[in-house]
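For reference, the structure discussed in these notes is given below.
Indexing begins at 1, ligand by ligand and atom by atom, following the structure's order.
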Amino acid sequence: MSTPQVVVHRDKELMARAAAARLITKIVDAQAARGVASVVLTGGRNGNGLLAALAESPARDAVDWSRLDLWWGDERFLPEGDPERNVTQARTALLDAVPVDPRRVHPMPAAGAAYGSDADAAAAAYAGELAASAGPEDHGDVPTFDVLLLGVGPDTHVASLFPEHPGVRETERTVVGVHGAPKPPPTRISLTLPAIRAAREVWLLAAGEDKAGAVAVALSAPGEVQAPASGARGRARTLWLLDRAAAVKLPPQLYPPASA
Ligand SMILES: O=C1O[C@H](COP(=O)(O)O)[C@@H](O)[C@H](O)[C@H]1O
């Protein structure tokens, strides 16, 4: 697993634009190297800010959207089309504006329809979809995602893995149903830390002073059960993309001052 690197941008708008530019380059490079790229999307303010910045970037046309697999790190277990679902927000921010191949877009299941209110069954189905996409070159039952994006909550949660909750302790399953989440809605679906750690690169996004405490705690090497963000690492790279407000409690030796 890789050691976290920290990049600090002036403010959240610049952070979103820089992260979007970085993601475009990463997708184009992966498509050149392997034909297809895969990205795991996150919900939340910073994840959607990145997608909106990507939608506005003229360089978005450098991406071959038909050769991009999109997965989700977590989902709020709500009915299809609910405005609070992460996939609904991603469609509004970006996906409705670019020619993605619908067969390569893999939202987590919604409540109702096939799974009713059974988030555990929906999580198992998504685990099956991931396993079916993993090849012999991958590490276990998930594809080796090129980039996995994560927002960081003020309590250090990532995806829907909350401190001290059962999901963050999971070591076998790749996807779990989450019950009684401290942030609404209480029922969710989430990738687990083992699935997150299958990614080549994990990028954690945090902006604003309400995230400063979480960033400082997660980067001070606590246990991942207490601070889930600290356990989110990529095989090749772990990148924390911050704005100055979110970095304010970090010791300066953790990042080069020139990057801020
Ligand atoms: O509920 C969620 O929250 C986290 C963090 O969101 P933020 O708005 O505080 O950045 C997000 O990453 C996750 O996908 C989402 O379901």
Side-chain angles (χ1 to χ4, degrees), residues 9 11-13 15-16 19-20 23 39-54 70-95 106-111 119 122-123 126 145 147-163 165 167-168 175-193 195-196 199 201-218 224 227-234 238-243 245-247:
H9 295 287
D11 54 43
K12 74 170 190 292
E13 288 77 20
M15 185 192 101
L23 186 58
V39 173
V40 180
L41 300 180
T42 179
R45 289 165 286 170
N46 297 131
N48 287 315
L50 186 160
L51 296 186
L54 210 163
L70 291 171
W71 300 90
W72 269 262
D74 77 312
E75 188 53 274
R76 294 121 182 226
F77 195 54
L78 297 166
E80 190 71 54
D82 190 292
E84 289 301 314
R85 266 174 66 78
N86 290 336
V87 63
T88 311
Q89 296 179 1
R91 289 195 196 285
T92 303
L94 173 69
L95 304 184
H106 306 274
M108 287 180 163
Y126 202 66
F145 311 115
V147 178
L148 185 146
L149 300 169
L150 292 170
V152 180
D155 58 355
T156 73
H157 84 264
V158 285
S160 286
L161 302 177
F162 294 90
H165 263 238
V168 75
V175 190
V176 288
V178 176
H179 306 274
K183 176 180 178 180
T187 310
R188 292 160 170 259
I189 301 173
S190 185
L191 296 193
T192 59
L193 287 176
I196 288 169
E201 300 203 10
V202 170
W203 299 1
L204 298 108
L205 309 165
E209 58 185 320
D210 62 321
K211 303 290 174 76
V215 169
V217 167
E224 63 195 27
S230 70
R233 306 273 184 103
T238 305
L239 200 52
W240 283 73
L241 301 172
L242 309 175
D243 74 349

Checklist entry - Backbone N or O of Asp82 within a donor-acceptor pair of the Thr88 side chain at under 3.5 Å? => result yes
Item to check | Interatomic distance, Met108 atom CE to Leu41 atom CG [nearest 0.5 angstrom] | outcome: 11.0 Å
Item to check | Other residues, nucleotides, ligands: >12 heavy atoms within 6.0 Å of Glu209 CD | outcome: no
Checklist entry - Please state which protein non-hydrogen atom is closest to atom 4 (C) of ligand 1 and give its distance, to 0.1 Å? => result His157 NE2, 3.2 Å
Checklist outcome for this item: From the list Val158, Leu205, Leu191, side-chain contact (heavy atoms from CB on, under 4.5 Å) with Leu150 holds only for Val158
Next on the checklist: Counting non-hydrogen protein atoms only, what is the nearest one to atom 12 (O) of ligand 1? Give residue, atom name and distance.
Outcome noted: Thr42 OG1, 3.0 Å
Item to check | For atom 3 (O) of ligand 1, closest protein heavy-atom neighbour | outcome: Lys183 NZ, 2.7 Å
Item to check | Closest approach of any protein heavy atom to atom 16 (O) of ligand 1, naming residue and atom | outcome: Asp74 OD2, 2.6 Å
Item to check | Contact check, Glu75 vs ligand 1, heavy-atom distance below 4.0 Å | outcome: no
Next on the checklist: Could you tell me, atom by atom, which parts of ligand 1 come under 4.0 Å of a heavy atom of Gly151?
Outcome noted: 12 (O)
Item to check | Residue pair Ser160 / Asp74, side-chain donor-acceptor N/O under 3.5 Å | outcome: yes
Checklist entry - For ligand 1, which part of Val158 has a heavy atom less than 4.0 Å away: the side chain, the backbone, both, or neither? => result neither
Checklist entry - To which protein heavy atom is atom 1 (O) of ligand 1 closest, and what is the distance rounded to 0.1 Å? => result Arg76 NH2, 2.8 Å
Next on the checklist: Return the closest protein heavy atom for atom 8 (O) of ligand 1 as residue, atom name and distance.
Outcome noted: Arg45 N, 2.9 Å
Checklist outcome for this item: Interatomic distance, CZ@Arg85 vs CD@Glu80, rounded to 0.5 Å, equals 5.5 Å
Checklist entry - Does Lys211 reach ligand 1 with a nitrogen or oxygen that is under 3.5 Å from one of the ligand's nitrogen or oxygen atoms? => result yes
Checklist entry - Are Leu150 and ligand 1 in contact, using a heavy-atom cut-off of under 4.0 Å? => result no
Item to check | Inter-residue atom distance Leu51.CG - Leu149.CG, 0.5 Å rounding | outcome: 7.5 Å
Item to check | Aromatic plane relationship, Trp71 with Tyr126 - under 30° parallel, 30 to 60° tilted, over 60° perpendicular | outcome: perpendicular
Checklist entry - Tell me: protein heavy atom nearest atom 11 (C) of ligand 1, and distance? => result Gly43 O, 3.5 Å
